[in-house]
Amino acid sequence: MTDPDTLLTQALERARVAPDDEALRALDREFLQKGGVVANLLASIPTLPPDQRKATGQKANQIKQALEAALAARKAELEEAALASERSGAGFDATLPGAKQERGGLHPITQVTRELEDLFTSMGWMVLDGPEVELDWYNFEALNIPKDHPARDMQDTFFCDVSTKNAHERDLSGKVVMRTHTSPVQVRAMERLKPPFRAIVPGKVFRNESTDASHEHTFHQMEGLCIGKDVSVGHLIGAMKTLLRGIFGREIEIRLRPGYFPFVEPGFELDARCPFCKDGCSVCKRSTWIELLPCGMVHPNVLKAGGIDPEQWTGFAFGLGLSRLVMLRHGIDDVRMLLSGDLRFLEQF
Ligand code: DAH
């Protein structure tokens, strides 16, 4: 083994000329850390003849202290030098372009959601939220879609695998789904709010779909619900025309067709006159009408499920497809782009 004094001299010299922090750390590892020179020296003591033990211990400590001091001194020197060079301005070129700050933007769905929230709150509507993981009761049964009813086939569901008992010891197996629409929040709102009230519910919904350009397992809707005294189809039409005017910035002709949704009676498909053409284009499939807004008068059974007396109160509801609306607005031909997270797509908005 090299004799300790030589080792120390060498280490101190290396510390004195160490070019950077990394070199200092290397010395620290080699001499002072576990398994390093000092530790080995100390470990060798029991194997030495008794008369050498004390001197070796002292030597180890001396190396440790001397080297620690040398490392600290060199570190301070290096820091001082770095600061001085920075202060001198050497190597700084004021004419080089700066680092560009990337700016984010709002997703087109967020944009349209916010616009619609502004529009509806300006008319005195509330904006509500509901759970994306929903009880079968709210997603289907309370909306007048009983178990085993064929209407369930309209919306294929993701069932959640929950432990069979929740905190309230209720058996939830097979009863928890990813919500297939924003309509369940209708009933949740009825339970919590006293009529009259008006609310919109923008949010994410999920379906067990084979995905293609017009089907996605996750997409966005905006539910609307207005409950009051003597609310009629006239109010529904008025609100829908205002909604379309807000979206397209001008009066849009509409038509109502009968539509079947178990939670409304009568139910309608509200079509808007194609805003992009006069006599047929690819967006409206040459029909000049765009199917946009399913809606209707809230079914008495749904009011009852929400604890509202259908003899006293009536209401209308609608379910706007936000994803579809964004596609129409921007001419996007594949719904899967919306949640792809692809920056080349997103940076266009
Ligand atoms: N929840 C329906 C769906 O996702 C859409 C809908 C239809 C909502 C009629 C409504 C309504 O509020 O009145 O297919």
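Counting convention: from 1, in listed order, for ligands and their atoms alike.
- F219 belongs to a hydrophobic cluster whose other members, connected by ILVMFWY side-chain contacts under 4.5 Å either directly or through intermediates, are V205.
- Residue F263 forms a ring pair (Phe, Tyr, Trp, His ring centres under 6.0 Å) with just one option from H299, H181, H149, and that option is H181.
- Taking the side chain as every heavy atom from C-beta outward, V133 and F158 never approach each other to under 4.5 Å.
- Neither the backbone nor the side chain of E265 has a heavy atom within less than 4.0 Å of ligand 1.
- Between atom CE of residue M240 and atom SG of residue C295 there is a gap of 6.5 Å, rounded to the nearest 0.5 Å.
- Distances below 4.0 Å separate heavy atoms of G319 from the following atoms of ligand 1: 8 (C), 10 (C), 12 (O).
- Within the structure, ligand 1 lacks M297 among the residues with a heavy atom less than 4.0 angstrom away.
- What sits closest to atom 11 (C) of ligand 1 on the protein, heavy atoms only, is F263 CE1, 3.6 Å.
- By the 4.5 Å heavy-atom criterion applied to side chains, M154 and I145 are not counted as neighbours.
- Less than 4.0 angstrom separates some heavy atom of G296 from each of these atoms of ligand 1: 13 (O).
- Nearest protein neighbour of atom 5 (C) of ligand 1, counting heavy atoms only, is P294 CG, 3.8 Å.
- R74 places a side-chain N or O within 3.5 Å of a backbone atom of A18 that can act as its donor or acceptor partner.
- Residue A317 has at least one heavy-atom neighbour below 4.0 Å for each of these atoms of ligand 1: 12 (O), 13 (O).
- When each atom of ligand 1 is checked for a heavy atom of Q221 under 4.0 Å away, the hits are 3 (C), 4 (O).
- Close approach of ligand 1 to Q186 is summarised as follows: ligand atoms under 4.0 Å from at least one heavy atom of the residue are 12 (O).
- Close contacts between ligand 1 and H181 involve ligand atoms 1 (N), 2 (C), 4 (O) [criterion: under 4.0 Å to a heavy atom].
- With respect to E68 and K75, no salt bridge is recorded, no charged nitrogen being found less than 4.0 Å from a carboxylate O.
- The protein non-hydrogen atom at the shortest distance from atom 3 (C) of ligand 1 is Q155 NE2, 3.4 Å.
- Evaluation of the salt bridge (charged side-chain N to carboxylate O under 4.0 Å, His left out) test over residues 284-307, restricted to residues two or more places apart or in two chains, returns R257-E291.
- Nearest protein neighbour of atom 12 (O) of ligand 1, counting heavy atoms only, is E223 OE2, 2.6 Å.
- One finds a salt bridge joining R255 and D271 here, because a Lys/Arg side-chain nitrogen approaches an Asp/Glu carboxylate oxygen to under 4.0 Å.
- For ligand 1 and C295, the ligand atoms under 4.0 Å from any heavy atom of the residue are 9 (C), 11 (C), 13 (O).
- Distances shorter than 4.0 angstrom do not occur between any heavy atom of M154 and any atom of ligand 1.
- Set against the non-hydrogen atoms of R207, the atoms of ligand 1 under 4.0 Å away are 3 (C), 4 (O), 14 (O).
- Geometrically, ligand 1 and S183 share a nitrogen or oxygen pair separated by less than 3.5 Å.
- Ion pairing between E223 and R179 fails under the 4.0 Å rule for side-chain N and carboxylate O.
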